[in-house]
Amino acid sequence: MSGQVSYSSEACKLPIYQFKKELVKAVKDNIFLVVTGETGSGKTTQLPQYLYHAGLSKGGKIVVTQPRRVAAITVAQRVSQEMGLRLGDEVGYQVRFDDCTSKNTMIKYVTDGCMLREILADPVLTQYSVVILDEAHERSLNTDILIGLLKKTKGASHGRSVPLKVVVMSATLETEKLSAFLGHCPVFSIPGRTFPVTEKFLNLIGPKDTESSLYIKEVVKVALDVHTNERAGDILVFLTGQSEIQKACDMLFQKAEAIDYRYDVNDSSVEGLLILPLYGAMPTDQQKQIFQPPPEGIRKCVVATNIAATSLTINGIKYIVDSGFVKQLNHSPRVGMDILEVVPISKSEAQQRAGRAGRTSAGKCFRIYSKDFWEKCMPEYTIPEIQRTSLTAVILTLKCLGVHDVIRFPYLDRPEERLILTALKQLYQYDAIDRRGQVTSLGKLMVEFPLHPGLTRALLKAAALECEDLMLPVAAMLSVENIFIRPGQPETQKEAEQKHRQIASEAGSCNDFAMLLNVFEKCKASDSPSAWCRENWIHWRAVKSALSVDTQLRVILHRLKQQGVIEKEKWDSNRSEVFRRCLCLGYFTNVARRSIGKSFCTMDGHGSTVHIHPSSVLFGMESQLDWVIFHDVLATSRMFVRTVCPIRYDWVKDLLPKLHEVDVYELSSVAREEVTEEEVAKWESREAAKRQAESSEDASKKLEKRNDEGSITEARARYLQRKQERQQGKKL
DNA sequence: GAGCACTGC
């Protein structure tokens, strides 16, 4: 069969082509195989074709996973085109909201998240013969879990006629480790086809210079230096976020002016230099401009976040200016929360950034930091996601896949036990697992939803109480990117704030969750949702994806309802109160109580001090509040909680003891299946004692009246009035 | 009275 297949001349020129026979043989001979090759080797597009033509798809499809949706889609497009086939026929892709496959599909590109969902539905992966995990070096949470799961099944699951073949593809980094992990399987290396990149340390930043204003200044200087001194070729500058990028772009204009460049507002260019910001939250039409080649004789300078490191490839980049920093979400065990912070990048990440200059020709990478900074501040590798994020959802997935002992699961890099225990504790608190660590019937329902387990918990309760129409949009809005536009200009900023306040005041009740619901509903009901968003300073793209998520959640919920697994309940209170009480079930781990002044104290055992973020509709009303729940935390000048809702102590009173009744030691034995009846009895008596202590506490009584709905609305009205008066006072 | 990197189901 393979003899008759012809490949295009372009495909034959790819470095991988000369290894075709050996690669096919290696896959045939082994259950596990590691394939390494730099960008441009052709491994992602060619290997699946080789296997297909060699008849390996006879026993089932060949599936290739990608960490990103765009990658899955564009690669599938390219491969179907190369093979002269219609996309969705023999070659297809599947990502969330978009399944472009058919019965004929033999080569399927999917996101790693989709693959995990498929394993959940069919753990033996009956319809596949080969699974290829691509971009394994990126160490995405889902890919890491997939590697562990596939190692565990070892290809030889029952219910399969032939064992499943597993190929793990990675850049040259850490392939020994991958091979060792997969039972010292063979490693197949394919040379890449990239160009050399000269790397220079400019010594402008030392180990102590972590002020953002410092490194912004330096990258700007370097970018202008490159522009004046280096030959033609575009520049890519790496910074950490939107505001830094805006500052740097402004400075580029100003500096350019100072050294006698022409500054043209209309085309955002100084003489010969086109300055383009690039970050994820930017409108898509503005992003498109980035990919167009600059006009003749003009040099492009893209100032970007890490989005340009993997997600987007810009052609023509010859120079990199690397700040050495990145914004990263890290879990802080000390406060028990996730914190978004600016940290030095790893050495491997720096190499990745440099590599962006060598895609089309030889390039140069200018690192503003010193060799000292490199040695002292930058770790060898980026800590994989699995070791620094909440594992709650992942652990539930594993448990549902029958991986009971989640501590001894074969992790490529084992997360700290503490992180796993925190996840178990949360799942226990959500009633997703029982004391023995077994998945409950509720947990089995929860795993169906593509949401954080806490939010799912709230949603399922809302469904039982028949007020899911309130919770579904909120869950959807909370699981998409930022909804509210915050313009840089002070004038427009005020206007945006005004619009947002207006929407908040029209919401049924005064909290940030209700405001999200109101945005969703107002937007959906308007004649032109996109125009409505523009007028109200709302990201239409985000609301649009929330609409899709809402639909997806409705479909899942509908299915579960038809199965009759959601038991109806009735609470004796109004809809708004039912809604907030449902939220409590999902967020009682995020409860805070007001302490001194405007500060709040978290009740999760860490007792951290937090403040309400100024973007919250409850900001400025702290004195009227006592107990609140919140969606997330932002650690900047202070620890801020965002998306906040006032609650009554009554609603969480019975839930709070659950936060303390399981200690780490106990859960670790739960996790290890070593729990005895005796231990269970011990917990129960201790729990009873704690409950008693809790109920004797009388602090709650006087608080309840204050947090009632009407009083908050009134208080808010008073606050806004005072504020308006103050502003008018200033003007006079 | 602050200002949110990037993915994914």
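Reckoned from all heavy atoms, side chains included, excluding hydrogens, waters and symmetry mates.
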*Asks:* Between the base of B:dA2 and the side chain of A:R638, is one N or O donor paired with an acceptor at under 3.5 angstrom?
*Replies:*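 Flag unset: no donor-acceptor pair detected.
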
*Asks:* Given B:dA5, B:dT7, B:dC9, identify the nucleotide with an atom nearest to the side chain of A:Q242.
*Replies:*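 Nearest listed nucleotide: B:dA5.
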
*Asks:* Could you measure the distance from the OG1 atom of A:T551 to the CG atom of A:L472? Nearest 0.5 Å is fine.
*Replies:*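 So the gap between those two atoms works out to 9.5 Å.
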
*Asks:* With no angle test and no hydrogens, is the base of B:dA5 tied to the side chain of A:E341 by a donor-acceptor pair under 3.5 Å?
*Replies:*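 Counting by modelled atom types and ignoring angles, no donor-acceptor contact under 3.5 Å is found here.
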
*Asks:* Looking at the side chain of A:R117, which of B:dC4, B:dG1, B:dC9 is the nearest nucleotide?
*Replies:*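 Selected nucleotide (nearest to the side chain): B:dC9.
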
*Asks:* Give me the ring orientation class for A:F373 and A:Y369: parallel if the planes are under 30° apart, tilted from 30 to 60°, perpendicular past 60°.
*Replies:*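 A:F373 and A:Y369: tilted rings.
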
*Asks:* Within less than 4.0 Å of OP1 or OP2 of B:dC6, is there a side-chain N or O belonging to A:T310?
*Replies:*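 For B:dC6, OP1/OP2 do not have a side-chain N/O of A:T310 under 4.0 Å.
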
*Asks:* With a non-hydrogen cut-off below 4.0 angstrom, is A:L116 in contact with a base, only sugar-phosphate, or nothing?
*Replies:*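 Nothing, no heavy atom under 4.0 Å.
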
*Asks:* Establish whether the base of B:dC4 is bridged to the side chain of A:N482 by a donor-acceptor pair shorter than 3.5 Å.
*Replies:*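 Result: at least one qualifying N/O pair found.
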
*Asks:* Between B:dG1, B:dT7, B:dA5, spot the one nearest the side chain of A:R68, thanks.
*Replies:*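 Nearest listed nucleotide: B:dT7.
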
*Asks:* Mapping A:L451 and A:L278 onto DNA chain B by nearest heavy atom, which one lands closer to the 5' end?
*Replies:*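 Taking each residue's closest nucleotide, the earlier one in sequence belongs to A:L278.
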
*Asks:* Have a look at A:T240 and say if it touches a base, only the backbone sugar-phosphate, or nothing, with a 4.0 Å heavy-atom cut-off.
*Replies:*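 Sugar-phosphate only.
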
*Asks:* Hey, could you give me the CE/CG distance between A:M169 and A:L133, rounded to the nearest 0.5 Å?
*Replies:*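 That separation rounds to 9.0 Å.
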
*Asks:* Report, one line per pair, each donor and acceptor closer than 3.5 Å where one atom sits in a side chain of residues 445-456 of chain A; sequence neighbours left out.
*Replies:*
from, atom 1, to, atom 2, distance (Å)
A:E448, OE1, A:R559, NH2, 2.4
A:H452, ND1, A:G454, N, 2.9
A:T456, OG1, A:H452, O, 3.0

